[in-house]
**Q** 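The structure under discussion is supplied below as structure tokens; questions concerning it will follow.
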Amino acid sequence: MARPVPLIAGNWKMNGLTASTRSLASELATRVRSDRDLGFEMLICPPFTMLSTAAELVRDCALKLGAQDCHTASSGAHTGDISPAMLRDVGCEYVILGHSERRTDHGETCALVRAKTRAALDAGLKVIVCVGETEAQRDAGETLRVVADQVTGSLPEGVTAETLVVAYEPVWAIGTGRTPTTAEVAEVHAALRQTLGTILGTGAAEGVRLLYGGSVKPDNARELLALDNVNGALVGGASLKVDDFWAIASAV
Ligand code: PEP
């Protein structure tokens with residue numbers, strides 16, 4: 001199977017007011033529109049409050065829109081929550097699920113991530129399911145087991161290569177300026193591909209995009225994105241700076 005088109009996804013986290021959203025999304029949209037040979041798919045995931053503003057700016061443009069979480073239900077008595085149907089309605093194509101900040105700050109378990117993934121797929125969204133080990137787990141030599149367990153536990157029946165993206169984000173690398181070595185990233189991504197093979201079948205697993213995330217910057221993007229089994233990046237802090245995010249994407 002041909003190497004899938006790389007995905008460069010920006011996770012804005014809890015950042016973005018109207019002015020900064022307008023400026024960042026419109027500048028990225030302009031660059032995407034004027035690049036005739038975009039060799040990657042670019043995605044921005046602003047906070048819920050800015051999705052509508054961003055959706056207007058990326059309309060009729062290859063720049064994709066995503067959210068950072070969703071509920072398992074399509075509507076109902078869930079104060080403060082946002083459903084997958086609402087995300088589709090506002091113009092989202094993707095949703096990030098199981099980010100380590102949600103697993104830690106909100107106690108999200110693999111079972112909950114699996115239920116959210118099912119609901120998002122049923123609503124017609126594509127999902128980016130995040131996995132990754134803590135520093136203690138890496139030091140204890142448990143990384144491969146932890147990420148395999150997270151992938152297996154977080155994916156529902158019936159996922160397909162077209163709608164599933166998996167992001168490997170070592171918890172200790174997020175927002176710290178530290179990254180695993182390229183050999184360590186390559187080892188985890190190869191293991192993830194193998195685990196996906198047991199879930200989806202080997203052929204289909206080849207088509208799933210595996211993103212690396214955790215302190216991706218313009219100066220380390222090229223070596224990370226060149227690795228086998230790395231099909232893009234999930235970028236936090238650097239996705240808030242238009243030149244840095246574009247430089248990371250251009251490193252593809
Ligand atoms: C993230 O939170 O998804 C992330 C990768 O953050 P950062 O790039 O800031 O490490």
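When a ligand or atom number is given, it counts from 1 through the structure's own listing order.
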**Q** Considering non-hydrogen atoms only, spot the tightest contact between S154 and C110 and give its length.
**A** OG-SG, 3.5 Å
**Q** For the pair D69 and I82, evaluate side chain to side chain contact (heavy atoms under 4.5 Å, CB included) and give the outcome as yes or no after the intermediate values.
**A** CA-CA 8 Å; D69 180 43; I82 300 289; over 6 Å; no
**Q** Kindly give the heavy-atom pair with the smallest separation between C130 and E169, and that separation in Å.
**A** SG-OE1, 4.2 Å
**Q** Look only at interatomic distance and state if K217 has a nitrogen or oxygen under 3.5 Å from any nitrogen or oxygen of ligand 1.
**A**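 N/O-N/O distance under 3.5 Å: no.
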**Q** Before signing off on this row, confirm whether H99 and ligand 1 have an N or O atom pair separated by under 3.5 Å.
**A**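 Between H99 and ligand 1 (N or O atoms, distance only) the closest approach is under 3.5 Å.
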**Q** Which residue and non-hydrogen atom of the protein lie closest to atom 4 (C) of ligand 1, and at what distance in Å?
**A** G236 N, 3.6 Å
**Q** Is there a donor-acceptor pair under 3.5 Å between the side chain of H99 and the backbone N or O of E101?
**A** yes
**Q** Pull out every atom of ligand 1 sitting under 4.0 Å from any heavy atom of G175, numbered as shown with elements.
**A** 7 (P), 9 (O), 10 (O)
**Q** How close do W12 and S239 get, heavy atom to heavy atom, and via which atoms?
**A**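 Heavy atoms only, the tightest pair is CD1-OG, 3.6 Å.
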**Q** Which residue supplies the protein heavy atom nearest to atom 3 (O) of ligand 1, what is that atom called, and how far is it?
**A** E169 OE2, 2.7 Å
**Q** Counting non-hydrogen protein atoms only, what is the nearest one to atom 2 (O) of ligand 1? Give residue, atom name and distance.
**A**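 Minimum-distance protein heavy atom for atom 2 (O) of ligand 1 reads K13 NZ, 2.5 Å.
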**Q** Where is the tightest heavy-atom contact between V146 and G132, given as atom of each residue plus distance?
**A** CG1-O, 4.3 Å
**Q** Counting only N and O atoms by type, is there a donor-acceptor contact under 3.5 Å from the side chain of N11 to the main-chain atoms of V235?
**A** no
**Q** Do any N/O atoms on L234 end up under 3.5 angstrom from N/O atoms on ligand 1?
**A**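 Checking ligand 1 against L234, no N or O pair falls under 3.5 Å apart.
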**Q** Where the closest heavy atom to atom 9 (O) of ligand 1 is concerned, which of A233, A238, G237 has it?
**A** G237
**Q** Counting each atom of ligand 1 from 1 as listed, which ones have a heavy atom of N11 under 4.0 Å away?
**A**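 Reading through ligand 1 atom by atom, the close ones are 1 (C), 2 (O), 3 (O).
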**Q** What atoms of ligand 1 come closer than 4.0 angstrom to any heavy atom of G214?
**A** 5 (C), 10 (O)
**Q** Is a side-chain donor or acceptor of Q68 paired with a backbone partner of C45 at a separation under 3.5 angstrom?
**A** yes
**Q** At a 4.0 Å threshold, what atoms of ligand 1 neighbour a non-hydrogen atom of S215?
**A** 7 (P), 8 (O), 10 (O)
**Q** Taking 4.0 Å as the limit for heavy-atom contacts, which would you say applies to A173 with ligand 1: side chain only, backbone only, both, or neither?
**A** backbone
**Q** Just heavy atoms, cut-off under 4.0 Å: does I174 contact ligand 1 by side chain, backbone, both, or neither?
**A** both
**Q** Do V188 and E184 have side chains that get closer than 4.5 Å, going by heavy atoms?
**A**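 With C-beta onward as the side chain, the pair stays apart.
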